[in-house]
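Just so it is clear, the values below take in all heavy atoms, side chains as well, and ignore hydrogens, waters and symmetry mates.
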Amino acid sequence: MGPLAGYRIIEVVGIGPGPFAGMMFADMGAEVIAVDRPGSGGAELKVDINRRGKRSIELDLKSDDGKAAFLKLCQTADALFEGYRPGVMEKLDLGPDVVAAVNPQLVYGRMTGWGQSGPLAQTAGHDINYIALSGALHAMGPAGAPPVAPLNLVGDYGGGGMMLAFGLVCALLEAQKSGKGQVVDVSMVEGSSALMSIFHSLMASHRWAPMRGVNLLDGGAHFYGTFETKDGEYVAFGAIEPQFMQVFIDKAGLDESWMQKHLNPGEWAALKTELTGIFKSKSLAEWQDLLGGTDACFAPVIPFWEAHQHPHNQARNSFIEVDGVTQPAPTPKFSRTAPEVRHGPAQKGADTDAILAEFDKD
């Protein structure tokens with residue numbers, strides 16, 4: 001069940017991107033054991049999809065018994081990851097050196113905003129701070145206005161959780177050859193910087209102006225953005241390539257002067273104003289009938305809680321229902337080792353007794 005079946009991953013439970021990475025491993029078939037702190041946290045979600053498919057054990061890592069149980073877990077695991085500030089696991093006497101002594105092949109993942117070293121390593125921060133330092137935030141927002149705070153997908157989840165999962169899998173593959181584990185140091189600043197590689201390329205190629213809201217992919221171009229419809233809904237339009245813009249021109253009944261001005265940045269502002277009026281002339285349903293399923297690079301802007309209703313997402317089974325909760329299905333898809341969600345979110349400590357009993361058997 002899933003391409004990572006047979007791997008055991010220990011997740012030292014933190015917030016957001018750590019549990020997300022753990023969910024990715026669980027979705028892919030790995031046995032993920034979430035190590036929760038005893039007691040109830042005030043910010044816990046009633047439904048936490050990131051905990052699906054995992055087992056949970058409550059351990060007090062400050063106690064001798066908790067440390068001993070944790071190290072027994074490490075003896076049987078392929079990898080573990082944590083998201084504490086640098087040095088916290090060392091203070092608990094559970095840092096990489098201690099863990100390597102009981103399992104030299106174990107991969108030790110560490111994810112923080114700033115990374116394990118550097119002058120900011122010990123300071124607090126959140127997604128918006130990390131993407132500010134990577135340069136990603138500067139590029140987000142309209143011209144002549146402050147940068148816009150995005151959803152915390154770029155730093156926390158793209159540059160953090162997904163980079164952690166990628167780094168751990170890389171290290172696990174290497175450990176199969178070398179027989180040795182290693183530490184994987186994930187910085188959300190560096191992860192979000194890596195996501196910006198294409199924009200560094202555009203800048204180096206003199207195809208990116210050093211300001212917001214005037215460029216090809218930041219809302220400056222008339223053919224790449226969102227527009228309001230007659231009924232107050234929104235559409236996403238992304239006809240960058242001329243052949244795709246031509247489809248829109250033909251469908252919308254525009255004259256050929258649009259193609260002559262298409263890739264001329266000096267024309268973009270005026271064309272965007274005109275295009276705003278064009279999209280407002282029809283309802284979302286009318287635009288869907290006109291452009292849906294064509295190469296005009298068109299899509300309706302729908303709320304994430306309604307995405308499961310779209311016919312394309314339904315055709316690909318992109319969403320599933322677990323315990324009555326609609327949620328994204330495991331991704332990506334595999335032709336042979338299809339992943340699946342084994343059960344809903346792990347309740348804190350639900351598997352403590354069973355996991356401790358497994359130690360006794362060993």
Within-4.5 Å side-chain heavy-atom neighbours: R110 and V183: yes
pair T276-E228: side-chain heavy atoms closer than 4.5 Å: no
Check: E82 and L92 side chains under 4.5 Å, non-hydrogen atoms: no
K180 to A175 - nearest heavy-atom pair and separation: O-CB, 3.4 Å
M89 atom CE: more than 12 heavy-atom contacts under 6.0 Å: yes
Evaluation steps, side chain to side chain donor-acceptor pair (under 3.5 Å), between S178 and E174: CA-CA 6 Å; S178 68; E174 193 281 334; 3.1 Å; yes
Exam field: side chain Q327 to backbone V325, donor-acceptor pair closer than 3.5 Å: yes
Any side-chain heavy-atom pair of M163 and P17 under 4.5 Å: no
Verdict with supporting geometry, L275 and L271, side chain to side chain contact (heavy atoms under 4.5 Å, CB included): CA-CA 6 Å; L275 196 55; L271 291 175; 5.9 Å; no
Flag, side chain of S56 to backbone of G349, donor-acceptor distance under 3.5 Å: yes
Minimum heavy-atom distance between L217 and W208, given as atom pair plus value: N-CZ3, 4.0 Å
OH on Y157 to CE on M188, rounded to 0.5 Å: 9.0 Å
4.5 Å side-chain heavy-atom contact, F244 and T294: no
Polar side-chain atom of N313 near backbone of H308 as donor-acceptor pair, under 3.5 Å: no
Lys/Arg N to Asp/Glu carboxylate O, R52 vs D27, below 4.0 Å: yes
Whether S205 side chain and R207 backbone form a donor-acceptor pair below 3.5 Å: no
Greater than 12 external heavy atoms within 6.0 Å of D64's CG: no
NZ/K251: more than 12 non-hydrogen atoms of other groups inside 6.0 Å: no
Residues, nucleotides or ligands: over 12 heavy atoms within 6.0 Å of F166 CZ: no
Intermediate values then yes/no, side chain to side chain contact (heavy atoms under 4.5 Å, CB included), V47 and D323: CA-CA 10 Å; V47 177; D323 297 338; over 6 Å; no
Connected via hydrophobic side-chain network under 4.5 Å: M140 and M211: no
Steps toward side chain to side chain donor-acceptor pair (under 3.5 Å) verdict (D65, S63): CA-CA 5 Å; D65 288 344; S63 71; 5.8 Å; no
Contact check, side chains of I198 and M203, non-hydrogen atoms, under 4.5 Å: no
Least distance between heavy atoms, S281 atom then W287 atom: OG-CZ2, 4.3 Å
Polar side-chain atom of R8 near backbone of E31 as donor-acceptor pair, under 3.5 Å: no
Separation of T123 OG1 from W114 CH2 (nearest 0.5 Å): 5.5 Å
Side-chain heavy atoms of Y224 within contact of L216, under 4.5 Å: no
Euclidean distance, L106 CG relative to I9 CD1, rounded to 0.5 Å: 8.5 Å
Aromatic ring pairing F227/F279, orientation class (parallel under 30°, perpendicular over 60°, tilted between): parallel
Whether D289 side chain and E286 backbone form a donor-acceptor pair below 3.5 Å: no
Distance (rounded to the nearest 0.5 Å) between Q122 CD and Q116 CD: 8.5 Å
K333 atom NZ: more than 12 heavy-atom contacts under 6.0 Å: yes
Side chain to side chain contact (heavy atoms under 4.5 Å, CB included) between F70 and L80, intermediate numbers included: CA-CA 11 Å; F70 185 81; L80 75 82; 4.1 Å; yes
Separation between OG of S193 and CG of L133, rounded to the nearest 0.5 Å: 7.5 Å
Q246 vs E241, side chain to side chain donor-acceptor pair (under 3.5 Å): CA-CA, chis, key distance, verdict: CA-CA 9 Å; Q246 187 66 60; E241 294 82 358; over 6 Å; no
F20/D156 under side chain to side chain contact (heavy atoms under 4.5 Å, CB included): CA gap, chis, key distance, verdict: CA-CA 10 Å; F20 171 69; D156 281 352; over 6 Å; no
Nearest atoms (heavy-atom pairs only) where V98 meets D93: CG1-O, 3.3 Å
Donor-acceptor contact present, side-chain D218 to main-chain A139, <3.5 Å: no
Backbone N/O of E11 and side chain of K54: donor-acceptor pair under 3.5 Å: no
Passing option when D36 is tested against Q347, R51, K348 for side chain to side chain donor-acceptor pair (under 3.5 Å): R51
Minimal non-hydrogen separation, A143 against V214, with atom names: CB-CG1, 4.1 Å
Member of W268, F237, F248 meeting the ring pair (Phe, Tyr, Trp, His ring centres under 6.0 Å) criterion with F223: W268
Side-chain donor/acceptor of N215 to backbone N/O of A209, under 3.5 Å: yes
Non-hydrogen atoms of G141 and V148 that approach each other most closely: CA-CG2, 3.6 Å
Check: I128 main-chain N/O paired with H126 side-chain donor or acceptor under 3.5 Å: no
Check: C74 and I10 side chains under 4.5 Å, non-hydrogen atoms: yes
